[in-house]
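Below is one structure, written out as structure tokens; the observations come after it.
To find a chain, count down the sequence lines: A is the first, B the second, and so on, and within it residues start at 1.
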Number of protein chains: 2
Amino acid sequence: MPQRDPFRVSEVASRRTGLAKSPLSRDAIVDEALRQFTSEGGDAVTLRKIAKALDTGPASLYAYVDDMAELRALVLDRALAAVEVDQGDGPWRERLEALLRSYIRVLMTSPALARMSSQTIAVGPNALRIAEALLGILEDAGVDRLTAAWAVDMLSAFVTSVAAEHAQGADPVAPGGPVAQALDRAPASRYPRVHAAREDLVSGTGEERFAWSVDVLVRGILSRAGV
Amino acid sequence: MPQRDPFRVSEVASRRTGLAKSPLSRDAIVDEALRQFTSEGGDAVTLRKIAKALDTGPASLYAYVDDMAELRALVLDRALAAVEVDQGDGPWRERLEALLRSYIRVLMTSPALARMSSQTIAVGPNALRIAEALLGILEDAGVDRLTAAWAVDMLSAFVTSVAAEHAQGADPVAPGGPVAQALDRAPASRYPRVHAAREDLVSGTGEERFAWSVDVLVRGILSRAGV
DNA sequence: AGCGGTTGACGAACGCGGTTCGTCACGATT
DNA sequence: AATCGTGACGAACCGCGTTCGTCAACCGCT
């Protein structure tokens, strides 16, 4: 039990005048939710915890937010505000990789955020900002508009995929992790190729795999684009 | 309160001898769970509903399953048993596309299944079976082992991504859907490229986009492979 | 200055989720 | 026939999102 502050009554009064306590706005709610999403141990972010942190009850939040789903969407877009979209004026290839790297880094701030991004389609202003930047880079690369549009979809899906994979427990590919265990348990008789490639399947750092995957995507996209 | 059946005692007795009722095994639990995952409206599959369908209480399942997480993993792998891996003896490109198509079709059996597949890394025997087949196809394509191993990862992630995207509400890209709405709301002044490409971003059927994406991935992978 | 009407905040409760615990009936063993 | 260990189960716990009815504070009137 947190200590019940006897001065609480005056706080309530002051809350209306909006001096000591923030008067509970939509922004304040989203801010606190994002703070919990990123700072917390990464466990479940709940409406009740957010309310408690804002020194109120769960019901009060419903004046500003329709739904937990809406709140999640708002939080995701606010988180995406941290994605750095303007990556200097180097060659487009470097700018693309830097943008995707920033995108991934933001999503990996917390497992909860990464999980959310793979379940919610981001359609907020910041998602649009990222899409706009990607289209610009692909334009510089000489990719036609339709190809670029579809490529934006693939690149976004790729980023959320990588983040989601990273979200469930520290590096499942690491030695001793569930993947390595499963590969060791796989009998060579039934899965000869998996067995033969068991080291390759878990080789490389996250960094290397990321760069490799981006390269595969870029080559594929360029080879489809009417240069 | 559900009516208390006086005949219940005899049912318990018959359950022990395992005649009328299946005597509650791990397989029976996973079977029923998968049935609910696929047949149900696609909503949340809960331990309690599974128990009720098996004519018992939630606590009884814990004799056979450690966790809801373990149950989910078991269900996912059992679902993957339906993926058709042996796709005739045509050219590798067709076999690859057919395999991925079967994979996606299975995951799209229900939204709940699709959502699960993007959160849980599949490491069961059926996941290994699919990986084995993919490695075989890529081998036929002349892809070296390391490239093939990493490509398996990308292809799997791609499949679960597509399924997850499809999982949240009937086609978000459809006209009137949240994506189209967001694009219409996007001011051309701030997002000129997004605005210009707003039709391309939502164009194409799921089929066309799937084929296009696979083509991008294959081209990228081949161009990295030391043929 | 006094006064309804509107609105936002809140306590309490509802239904449902996964999980745990103590009990008791069962089938096998002595 | 008596006993024992096992495992199925009812009941309960705690936390979740959400809803409802109430009440106090603010606003624009007269």
Side-chain angles (χ1 to χ4, degrees), chain A residues 1-2 4-5 8-29 32-33 36-37 40-41 43-75 112 115-116 119, chain B residues 1-26 28-29 32-33 36-37 40-41 43-75 112 115-116 119:
Chain A
M1 274 297 170
R4 276 233 173 258
D5 191 356
R8 212 178 163 298
V9 184
S10 69
E11 279 187 46
V12 170
S14 76
R15 190 179 304 158
R16 282 280 175 180
T17 41
L19 278 170
K21 273 294 182 213
S22 65
L24 200 55
S25 67
R26 195 183 167 103
D27 271 345
I29 292 172
E32 174 59 27
Q36 294 204 9
F37 260 105
E40 204 93 355
D43 298 355
V45 176
T46 74
L47 220 153
R48 296 178 110 96
K49 283 187 206 157
I50 298 170
K52 191 162 287 181
L54 258 38
D55 204 14
T56 180
S60 304
L61 306 186
Y62 281 84
Y64 302 97
V65 169
D66 279 355
D67 230 337
M68 192 60 186
E70 183 186 294
L71 177 56
R72 266 195 288 260
L74 290 172
V75 168
R115 229 172 296 130
M116 206 177 70
Q119 290 167 342
Chain B
M1 279 293 169
Q3 66 280 7
R4 280 225 173 262
D5 190 357
F7 298 94
R8 214 178 159 300
V9 185
S10 70
E11 276 188 48
V12 171
S14 76
R15 193 179 302 154
R16 285 278 175 176
T17 41
L19 278 169
K21 276 294 182 214
S22 64
L24 201 56
S25 68
R26 194 184 166 105
I29 293 171
E32 174 58 28
Q36 294 203 8
F37 260 106
E40 205 93 354
D43 298 353
V45 177
T46 74
L47 221 153
R48 296 178 111 96
K49 284 185 203 156
I50 298 170
K52 191 161 287 181
L54 259 38
D55 203 14
T56 181
S60 304
L61 306 186
Y62 281 83
Y64 301 97
V65 169
D66 279 354
D67 229 337
M68 192 60 185
E70 183 186 293
L71 178 55
R72 267 197 286 261
L74 290 171
V75 168
R115 226 173 298 131
M116 206 177 69
Q119 290 166 341

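Going from atom CZ of R72(A) over to atom C1' of dT18(D) covers 13 Å, rounded to whole Å. In this structure, R26(B) places its CZ atom 16 Å from C1' of dG7(D), rounding to the nearest Å. In this structure, L47(A) atom CG and dT18(D) atom P are separated by 7 Å, rounded to whole Å. Nucleotide dC16(C) holds its P atom 9 Å from the NZ atom of K49(B), rounded to whole Å. Computed from coordinates, the Y64(B) OH to dG7(D) P distance equals 8 Å when rounded to whole Å. Per the geometry, OH belonging to Y62(A) stands 12 Å off P belonging to dC20(D), to the nearest Å. Rounded to whole angstrom, the span from the CG atom of D55(A) across to the P atom of dC10(C) amounts to 8 Å. Protein atom CG of L54(A) is 14 Å distant from nucleotide atom C1' of dC10(C), rounded to whole Å.
Residues R72(A) and F37(A) share a closest heavy-atom pair of CG-CZ, 4.5 Å. Here the closest heavy-atom approach between residue K49(B) and residue T46(B) is recorded as N-OG1, 3.1 Å. For the residue pair A33(A) and V75(A), the shortest heavy atom distance occurs at CB-CG2, 3.6 Å. What you find for V65(A) and E70(A) is that their closest heavy atoms are CA-OE2, 3.9 Å.
Among the protein residues, T46(B) comes within range of the sugar-phosphate backbone only, with heavy atoms under 4.0 Å from sugar or phosphate atoms but none that close to a base. Heavy atoms of A59(A) sit under 4.0 angstrom from at least one base atom.
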Next on the checklist: As a check on the pairing definition, encode DNA chain C in dot-bracket form, counting Watson-Crick and G-U wobble pairs whose two distances are under 3.5 Å, and using | for partners outside this strand.
Outcome noted: ||||||||||||||||||||||||||||||
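Separation of atoms OG (S60(A)) and CD1 (I50(A)) is listed at 13.0 Å; rounding is to 0.5 Å.
The side chain of T56(A) places no N or O atom within less than 4.0 Å of a non-bridging phosphate oxygen (OP1 or OP2) of dA9(C).
Distance from the side chain of P58(A) is smallest to dT18(D) among dT18(D), dG8(C), dC16(D).
Checking R48(B) against G57(A), the closest nucleotide of DNA chain C that is more toward the 5' end is the one next to G57(A).
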